[in-house]
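Order of the sequence lines sets the chain letters (A, B, ...), proteins ahead of strands, with each chain counted from 1.
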Amino acid sequence: MHVGLEHYLIVSALLFCLGLLGVVMRRNLLVIYMSLELMLNAANLALVAFSRFNSNLNGQVMVFFIITVAAAEVAVGLALIVALYRKRQTAHVEDLATMKL
Amino acid sequence: MHDLFFYLFAFLTLLCGFLVVANPFSRNPVTSAMFLVLTIVSMAGLFVLLHAFFLAAVQILVYAGAVIVLFLFVLMMLDLKDERRRKINRFGIIAGAISVGAVGLIFLKAIIATKPGTRLAAPTVEGATKALGQILFTDYLLPFEILSVLLLVAMVGVILLSKKDLK
């Protein structure tokens, strides 16, 4: 069977589901963060596939922006996690159930 | 040939993505980070199959080169030993299964509703790097400049957050 747009969309949907599963199921902050990256990547794959099959480059520009923003977001998020770890000595979400530091 | 490579890269992406989230052999976050690298690289292969060569290069440079190094750096610094002793609680598995099932059902319905049997228009964008650069520096010049300011803001914020005496 010839590979078309729907094949890429199915892969993207499955990858997004995997990322969501990781965010809900895992209890380590860093692994949750990696699962968030998986979800962003799934969205990127869908955008690139749409861009290719509609002969429109705007989708690829959007993916470029998403990758850059994701890099900035990872830097800030990891700095927050490190600051939290310094205060509380844990990176496990069940130990971080209160809003008070 | 294209189909063969598609199935290879898609299988690798999903397998490594699964091993990032739920590795049956190791709960170590470093293992997850390593499988995240493999996921990113095989996804760059999918980008090449979609003729997005520039994005494939950016994907490897930014994710495999910068983001994963940041993750590993933080993992080494925090030294999380107690993750292996903890059990995954049952509530997390149930909530995860329900939410993933619901979202997966929505995706499936959406893909079926677009009638995947009909043939899609043949892709015509070829070797798009030059055209991509032209669009980026004409139509999308303002967002591009705002993005550079965003990176500067992120850098300042991270330096402020990493100071020893965080107020």
So which residue, [options], ends up with the most heavy-atom pairs under 4.5 Å with chain A?
{"options": "T13(B), L14(B), V67(B)", "answer": "L14(B)"}
{"options": "I159(B), L150(B), V74(B)", "answer": "V74(B)"}
{"options": "A10(B), A110(B), A52(B)", "answer": "A52(B)"}
{"options": "V62(B), V158(B), V153(B)", "answer": "V158(B)"}
{"options": "G157(B), A97(B), S99(B), G101(B)", "answer": "S99(B)"}
{"options": "Y63(B), F73(B), F54(B)", "answer": "Y63(B)"}

Given the options [options], which has more heavy-atom pairs under 4.5 Å with chain B than any of the others?
{"options": "Q89(A), E73(A), R86(A)", "result": "R86(A)"}
{"options": "L45(A), V69(A), I10(A)", "result": "L45(A)"}
{"options": "N41(A), V63(A), I67(A)", "result": "N41(A)"}
{"options": "N58(A), I32(A), V23(A), N44(A)", "result": "N58(A)"}

Subject >> Straight-line distance of M34(A) CE to T39(B) OG1, nearest 0.5 Å >> reply: 11.0 Å
Subject >> Distance (rounded to the nearest 0.5 Å) between T68(A) OG1 and F144(B) CZ >> reply: 8.0 Å
**OP:** For the pair F53(B) and H51(B), name the ring-plane relationship: parallel under 30°, tilted 30 to 60°, perpendicular over 60°.
**Re:** tilted
Counting distance only, does the side-chain N/O of [X] pair as donor-acceptor with the main-chain N or O of [Y] below 3.5 Å?
{"X": "S42(B)", "Y": "L38(B)", "answer": "yes"}
{"X": "Y85(A)", "Y": "L78(B)", "answer": "yes"}
{"X": "S12(A)", "Y": "A42(A)", "answer": "yes"}

**OP:** Treat each ILVMFWY residue as a node, draw an edge where side-chain heavy atoms are under 4.5 Å apart, and state whether I68(B) and L36(A) are in one component.
**Re:** yes
Original post:
In terms of heavy-atom proximity below 4.5 Å to chain B, should L80(A) be classed as side chain, backbone, both, or neither?
Top reply: both
Original post:
Heavy-atom distance under 4.5 Å to chain B: side chain of Y33(A), backbone, both or neither?
Top reply: both
**OP:** Step by step, work out the ring pair (Phe, Tyr, Trp, His ring centres under 6.0 Å) result for F50(A) and Y8(A).
**Re:** CA-CA 9 Å; F50(A) 280 133; Y8(A) 287 98; over 10 Å; no
**OP:** Under 4.5 Å heavy-atom distance to chain A, tell me which part of L70(B) shows up: side chain, backbone, both or neither.
**Re:** both
**OP:** Applying side-chain contact (heavy atoms from CB on, under 4.5 Å), run through M43(B) and L15(A) and close with a yes or a no.
**Re:** CA-CA 11 Å; M43(B) 183 163 285; L15(A) 200 65; 3.1 Å; yes
